[in-house]
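Data block below; observations after.
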There are 2 protein chains.
Amino acid sequence: MLDDRSKQILCAIVQSYISKPEPVGSRFVTKKYSFGFSPATVRNIMADLEDLGFLSQPHTSAGRVPTDKGYRFYVDCLHDINEPNDSNVDMGEFLCHFAEKLEGIRNDINGMFSEVTNALSVMSNYIGVITPPKPEKTTFNRIDFIRYKGDRVVAILLTEEGVIKNKIFTVDSRLTQEDLNRIADYLNSEYSGHTIDEIKGILVRKAHREKAVWDKLITRAIKIYGQAISFAENDIFVSGLYDVMNLPDFSDISRIREISKAIKDKHTILKLLDELSDAEGVSVVIGNENPVEELKSLSVVASTYKEKDRPMGVVALIGPTRMDYSKAIYMVDTIAKCISRTFD
Amino acid sequence: MLDDRSKQILCAIVQSYISKPEPVGSRFVTKKYSFGFSPATVRNIMADLEDLGFLSQPHTSAGRVPTDKGYRFYVDCLHDINEPNDSNVDMGEFLCHFAEKLEGIRNDINGMFSEVTNALSVMSNYIGVITPPKPEKTTFNRIDFIRYKGDRVVAILLTEEGVIKNKIFTVDSRLTQEDLNRIADYLNSEYSGHTIDEIKGILVRKAHREKAVWDKLITRAIKIYGQAISFAENDIFVSGLYDVMNLPDFSDISRIREISKAIKDKHTILKLLDELSDAEGVSVVIGNENPVEELKSLSVVASTYKEKDRPMGVVALIGPTRMDYSKAIYMVDTIAKCISRTFD
DNA sequence: TTTAGCACTCTCAGCCTGAGAGTGCTAATA
DNA sequence: TATTAGCACTCTCAGGCTGAGAGTGCTAAA
C-alpha cells in the first residue's frame, strides 16, 4: 500500500522521533539518513504520509510526529526485520545473568515475580508488569488444613507451579483436626493434577451423581474446598512508576497523574493483559488501539510465559506511545522465555 | 519564650497557610482573625517571628510562610489544646464505620492492612503507611512442614496475631514426612507462646546444654526452624501516591519524583518508623527534623498499634510539611486504636 | 506602645518583538 | 513527468518591557 520510498522515510521519522522526542523536519531527514532525495521531495512525501494519517504536525511550521497509526506501521515493519540491533546485543549479556539469578530464587515464586518486574522497569525505564498464574490455569498439587484458634481453620494450597496460597476461615466447631485431615487426604489422593477450578466442578458433579449414597465426606469437602479457594482477586506485580517519571514524555504532571491512576487500580491492567494472554508470541498494543479508556495514551508490549506449552500468565511493559518498541519487544520476549524455562 | 500575642499570631498564620497555601500578609491576619491589632502591629510581630526562625518570606514583598520550626511550635500548641475540631467530628462517623469493617476482615490480616492504608490515604490525601508486626514481636502459634515436589519442604508458620508466613526450602531427601511431623510436634508443644525470635535462641541454648545427650530431634529442629523463619524483610504497606499528587504542594514534577523515590525503597521508611515505634502516643516528625535525608521535605505522623499493651507495628501518614496536623494526628491515633482493638 | 502614612520592592500576567525552524507553493530543470 | 531550488509565509519560543497588585519597612504622630 505504501511505496518503498515512503516506507523508508516513515520508518526513519519514527525511529528518529523515538530516539529524540522532537518533531522531525524534512531537512533533518535528508541530512541524517542519506537517501539521496532533496528536502523538497521529502516534504512532498511527508505531506502524503500526513494525508494518509501516519504523521501529524503539532503546528503548521513544525516538523512531523508519528501518529499511533504511524507507530503501528513501524512496529509491523520491525516484525519483518526482527534482527537484534545494537542496543539489544548489549542487553543480551545482562539478560543471561538475569536468567541465572531467576534459577536461584526459583523456590520463591513471588520473589521471582517482583524481581522480574524490577528488572524490566530498571532496564527499560518503562513500567514492568507481570500477572501470576490464574487459578483456572494452575494445577493442584495438594491442600492441607490446620485448626487455628478456636473455630478457625487455615487452608494451605500448593500448586504445581510453586504458588502457595493460604486462607483463614471459620468452620463448624465440631469438625475435628482428624476430620480435616480426612478431607485433605481425600482431595490430595483424588485430585492432584487437575486445575484448581476444575476440581470444584468435579466435586459438585460427583456429589450430584452419587446422591443416593450422599457421602458426608464429599459434602464436607465441597464446602471446605470452596471456602479455601475463594481468594481475593489475583494480584499483579507492577514496578517502575518512578523510572517512568524521568522520561521526557511524562514531564507534564497531568500525564503522571493519568498514568498513576491507570496503574492504581490494577484491575484495569489485568483486564487488558487477560485479553492478550492467549496470543502467540509478543503482542503490541499502541495508544488508542487499546480497548481500555485509561490506557489510550499508552502502549503495551506483552508476551505470555508458559509451563509445558500451557500459557500461565503475562509479562508486559507499559510505556508512552513513543516507546522503543524494538527494545521493548526484545526484552519482553526474552524474559517470558526465561520464566518459561524456570518452570520446566 | 513567646508572649501570648506572638503565639496567637503565629498559630493563626500556620493555620491559615495550612488551609490555603498562600503566603499570609499582615492585613489578612487582622481581617480574618479579629485580634484587635492593626496590620502595622502585626507586621512588627511578624518581623520578630521571622528573626526567631518561625516564619520566612519567599521574597521581600510577599507574606510570610511557616518554617519547619513554625510548624513544630504549632503542633506543640495543638498538643495542649487537643480538642476535636469540626472536621474531626465529621470524620468520627466514618471511622466508626471503618472499625466495623475491620472486624469483618479480621481473619485476613494482610487484607486488613491494605484496607487501612487505603482508608488513610483516601481520607487524608496523604500517604498511608502501616508496618506489619515484626518477627521479634510476633508470638509463635504453630508451625507445620509439608513435603513438596522431591526434596523440597513448605513451612507454614502461624502467629498469635494471625500472620501466616510460608516458605519453600530444600532439605535432606532422607528426611521423611514423619520426621517432619515429629519436629513440628516438638516445636508446637514446647514453644507456643514465645516470640518467633526467642525460640531460635532457646533452641540453640538447649542444644548446647544437652550436648551430652545430643538429641537428633533438636539438631534437626534447629536447622529446619532456622530455614523456615528466614523470611525476606517484612514488607510494609503503602498507599496514596496517587492521592498525594493532587495536593498543590506537589504540583511540581520534581517534588513528585522526590516523594516517589522516597517511598520506592520502603526500607527508608521502615527505618524511620522503627525509630518511632517505641514512642508513646502519636509522634510527629516535621520536615528537616527527619533523620532520613530523603524525607527531609516531608512530615510524618505516626502511632503504634498494640496487642495487649505490647507495641506491634506502626501506622503513619506521610505528607508535605504543610500538613493538616490536627486532622492527621486524629486519624492516625484513632486508627491505631481501632487496630489494637481488633487484636483483642 | 501603637498606629497611620508612604515610599519601596517584588511578582506576575500580558504584550510585543525578532530569531529560528519548517512548511507549501510555484516555476524551472533533468 | 518527476524532482528540485527558491521564496514567501506561518508558527513557536525566549527575552524584554510594563503596569497592576500585594505586602513590606520605616518614620513620625497619637
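Residue numbers begin at 1 in each chain, while the letters A, B, ... track the order of the sequences. If you're wondering where the values come from, they're calculated on a predicted model, not measured in any experiment.
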Under 3.5 Å, side-chain donor or acceptor atoms of residues 290-298 of chain B against the rest of the protein: list the pairs with distances, not counting sequence neighbours.
| residue | atom | partner | partner atom | Å |
| --- | --- | --- | --- | --- |
| B:N290 | OD1 | B:V292 | N | 3.4 |
| B:K296 | NZ | B:N290 | O | 2.6 |
| B:S297 | OG | B:R255 | NH2 | 3.2 |
| B:S297 | OG | B:E258 | OE2 | 2.6 |

Check: Which of residues 3-31 of chain B sit near DNA chain D, with a heavy atom under 4.0 Å from it?
Finding: B:G25, B:S26
Item checked: B:Y325 side chain vs B:I18 backbone, donor-acceptor pair below 3.5 Å -> no
Checklist line | d(CZ, B:F35; C1', C:dT2) in whole Å | finding: 17 Å
Notebook entry, point to check: For A:N44 and D:dA2, what is the distance between atoms CG and P respectively, to the nearest whole Å?
Noted result: 12 Å
Margin query: Using a strict heavy-atom distance below 4.0 Å, which residues from residues 53-63 of chain A are in contact with DNA chain C?
Written below: A:Q57, A:T60, A:S61, A:A62, A:G63
Check: Would you find more than 12 non-hydrogen atoms of other residues, nucleotides or ligands less than 6.0 Å from A:K69 atom NZ?
Finding: yes
Check: Taking only side-chain nitrogens and oxygens of A:R64, does any of them come within less than 4.0 Å of OP1 or OP2 of C:dT23?
Finding: yes
Next item on the list: Write down the distance between NZ (B:K32) and P (D:dG23), rounded to a whole number of angstrom.
Entry: 14 Å
Note to self: Return whichever of B:S38 or A:A47 has its heavy-atom-nearest nucleotide of DNA chain C closer to the 5' end.
What the structure shows: B:S38
Note to self: Tell me if a side-chain donor or acceptor on B:R64 pairs with a main-chain N or O of B:V24 at a distance below 3.5 Å.
What the structure shows: no
Notebook entry, point to check: Could you give the CZ-to-C1' distance, from A:F37 to C:dA30, as a whole number of Å?
Noted result: 17 Å
Notebook entry, point to check: Would you say the side-chain atoms of A:S56 and A:T67 include a donor-acceptor pair closer than 3.5 Å?
Noted result: no
Margin query: Looking at C:dG22, which nucleotide sits across from it as a Watson-Crick or G-U wobble partner, both distances under 3.5 angstrom, or is there none?
Written below: D:dC9
Next item on the list: Starting at atom CE of A:M46, determine the distance to atom C1' of C:dG22, rounded to an integer number of angstrom.
Entry: 9 Å
Margin query: Distance check needed: C:dT2 P versus B:D48 CG, whole Å only.
Written below: 11 Å
Margin query: Can you confirm whether more than 12 heavy atoms, excluding those of A:K266, are under 6.0 Å from its NZ atom?
Written below: yes
